[in-house]
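First up is the structure itself, then whatever we jot down about it.
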Amino acid sequence: QARFEWDADCEIFLRFKGSGLGIQGLSISGVLVLELVGLINEPPFFEGVRIFMNRAPEIDVRFEGAVEGLLNLAWVRETIKGLVEKAIAGLLVLPNRFGYAIAPDSDIFIIKCPVSQGILDLKVWGATGLLAKERTWLGRRSSDPYVVLTCGTDKFQSQPVFKNLKPTWNWTASMLIQEAAHQRIGLEVFNDRTIGWDDFLGCQTLPLRQILEWGPDRKVTLKLQDRTGGQDRGTVTVSAQWRPLELCTEGSQLGAAGVLYAGVHSAARLPKLGEGTVFWVSVACSRLLETFPGRARETLQVPETPRTGTACEADAEDLDNKLAILRAHNLGDEDMAAVLQIEPDRLRAALDRASGGQVGCDLAGCRGTGEASWETAFELPVDSVADAEVEFDLRCKEPGRFARSLGTYRTKGASLGGSTNCTQWRTIKVPGTEATLKLKLGMRSVGSVAAAVQLERSSTSTLVAN
């Protein structure tokens with residue numbers, strides 16, 4: 001890992017109704033981690049490489065122009081910095097990673113989206129000595145404080161406690177930890193305002209390795225500080241429990257709590273829609289643990305990639321060969337359509353139009369030739385892996401139209417039983433369409449609450465390998 005600093009000398013200037021504004025400079029700094037994944041005994045010696053940041057980078061934007069004073073107001077600067085931070089975090093901040101496969105036949109999910117190492121249950125008990133930012137109806141100074149916890153790009157927010165400078169929350173947030181040796185937990189306290197921007201009351205940042213050393217039975221009181229790490233702003237009391245995720249080799253833990261792994265690799269045979277159409281997959285799951293946020297889980301929206309002529313020809317030849325075998329066994333049109341994953345009416349129409357018995361090219365066109373790739377995985381903490389149902393909704397949006405669902409595939413965690421390490425690769429046909437989805441499904445069981453953990457920096461590669 002290495003700390004980087006990038007200072008851009010920007011020359012961006014806009015003029016609007018006689019007033020000008022510009023960005024004079026943009027600086028970004030943070031810690032970048034590079035890992036070589038999957039040691040092999042021949043060149044290139046590793047299966048792939050991944051790059052990530054353990055937390056959002058520090059960003060500073062400097063303005064110039066006639067409205068420089070307005071743009072340098074705190075809330076305007078924070079909004080612009082937030083947009084830049086969101087764009088970077090979506091690519092590189094955990095749990096997001098940039099990964100690249102070096103060796104052929106590498107599992108891209110192991111490189112880009114490895115399974116998390118464990119679950120951290122962080123409980124915020126209460127705070128004392130907070131700043132007063134408002135007044136009660138009787139004129140007494142007070143605040144309506146709430147807590148925001150940040151781990152990578154994941155954020156968790158408590159409910160506010162009204163009119164109290166010594167609030168008690170007794171609130172727990174559960175978060176999946178990807179890199180225990182690198183990640184940090186951010187804690188911020190704000191005053192909830194009905195109108196306007198919420199007031200910042202104090203913050204604290206802790207390395208995860210330090211939190212794991214506390215053990216499950218220890219309450220720790222932390223000093224809250226301002227954003228520069230200086231002035232004290234009261235205290236907050238927290239505790240933490242660490243539950244490692246464990247490999248389930250025989251499926252004996254399917255009935256217990258665990259984490260379902262839903263990897264969306266790619267789609268094929270997408271329908272031919274208008275230019276500019278984008279496709280994505282939305283993932284939902286039942287039996288989710290209540291302490292985890294119920295955020296939307298969707299892949300990026302990407303346009304289809306037309307298949308090459310060689311690929312289409314190979315698909316057509318494969319269909320011709322399969323059709324010849326099915327005809328030799330005297331199968332009817334309905335049965336042949338089911339085997340070929342083609343609608344019966346389209347198969348009959350293709351057979352009627354065929355000349356010389358070669359229908360592969362026509363059928364390949366019917367099945368669709370568009371492809372899309374996401375290589376994105378989602379981890380779904382559930383109270384019972386066997387009873388949880390995962391839903392993959394293939395969606396699209398054509399220009400000028402509303403988004404719509406093309407079809408939905410559902411599967412239960414119990415279907416992983418009997419598989420090696422409860423992991424499966426599947427290529428399935430999406431019901432209601434001829435498109436196919438390539439998925440990787442798996443699970444990890446949740447282990448018992450661990451005692452205090454002494455985590456050495458040198459153990460990073462071991463944790464990743466396990």
Side-chain angles (χ1 to χ4, degrees), residues 55 118-177 183-243 257 288-295 381 383 446 448-453:
R55 58 174 174 167
I119 295 176
L120 180 71
D121 300 315
L122 190 61
K123 185 167 187 175
V124 184
W125 294 88
T128 60
L130 298 181
L131 297 179
K133 292 293 184 178
E134 298 183 10
R135 292 185 181 274
T136 65
W137 291 105
L138 299 177
R140 181 172 59 88
R141 294 183 62 79
S142 187
S143 289
D144 302 333
Y146 66 90
V147 178
V148 175
L149 295 175
T150 305
C151 181
T153 59
D154 295 329
K155 287 191 175 183
F156 311 81
Q157 181 174 321
S158 73
Q159 294 295 321
V161 176
F162 296 103
K163 309 307 176 191
N164 200 324
L165 298 180
K166 190 180 178 180
T168 298
W169 289 290
N170 287 343
W171 168 69
T172 300
S174 298
M175 53 197 79
L176 287 164
I177 301 300
Q183 287 185 272
R184 302 173 71 90
I185 306 297
L187 185 153
E188 295 178 297
V189 182
F190 292 91
N191 171 51
D192 182 46
R193 282 191 177 273
T194 305
I195 301 176
W197 288 68
D198 293 349
D199 302 298
F200 170 75
L201 299 180
C203 66
Q204 184 58 262
T205 302
L206 290 171
L208 183 63
R209 53 191 293 114
Q210 180 179 336
I211 295 176
L212 297 185
E213 293 174 357
W214 296 348
D217 302 319
R218 180 183 173 190
K219 289 185 180 180
V220 179
T221 299
L222 307 171
K223 287 186 177 181
L224 294 173
Q225 299 175 321
D226 59 22
R227 296 195 189 277
T228 63
Q231 179 184 1
D232 290 343
R233 296 195 170 200
T235 63
V236 62
T237 301
V238 299
S239 63
Q241 290 186 345
W242 171 252
R243 294 179 289 165
L288 288 172
L289 294 178
E290 294 182 356
T291 50
F292 282 84
R295 63 180 181 276
D383 58 13
V446 179
S448 302
V449 174
V453 178

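Keep in mind it's a predicted model, so treat the numbers as computed, not measured.
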Does a side-chain N-to-carboxylate-O contact under 4.0 Å join D199 and R193? yes
Those residues that, when tested against Y146, pass ring pair (Phe, Tyr, Trp, His ring centres under 6.0 Å) (two or more places apart): F190
With respect to V238, which candidate in L149, L187, I211, I185 satisfies the side-chain contact (heavy atoms from CB on, under 4.5 Å) definition? L187
Can you run down the side chain to side chain donor-acceptor pair (under 3.5 Å) pairs that involve residues 158-172, sequence neighbours left out, and say none if there aren't any? E134-K163
Pairing residues for R184 by the salt bridge (Lys or Arg N to Asp or Glu O under 4.0 Å) criterion, not counting sequence neighbours: none
Worked verdict on E188 versus R227 for side-chain contact (heavy atoms from CB on, under 4.5 Å): CA-CA 10 Å; E188 295 178 297; R227 296 195 189 277; 2.8 Å; yes
Please check if the side chain of S143 supplies one atom and the backbone of K133 the other of a donor-acceptor pair under 3.5 Å. yes
Please round to the nearest 0.5 Å and tell me the distance separating atom CE of M175 and atom CG of L122. 5.0 Å
Working to the nearest 0.5 Å, report the span between CG of L208 and CD of Q183. 6.5 Å
Which value, rounded to the nearest 0.5 Å, describes the distance between E290 atom CD and L288 atom CG? 10.0 Å
Given side chains that start at C-beta, do those of T291 and F156 come closer than 4.5 Å, heavy atoms only? no
Test item: R233 and D226 side chains (from C-beta on) under 4.5 Å apart, heavy atoms: yes
Strictly distance-based, threshold 3.5 Å: is any side-chain N or O of N191 a donor or acceptor partner for the main-chain N or O of D144? yes
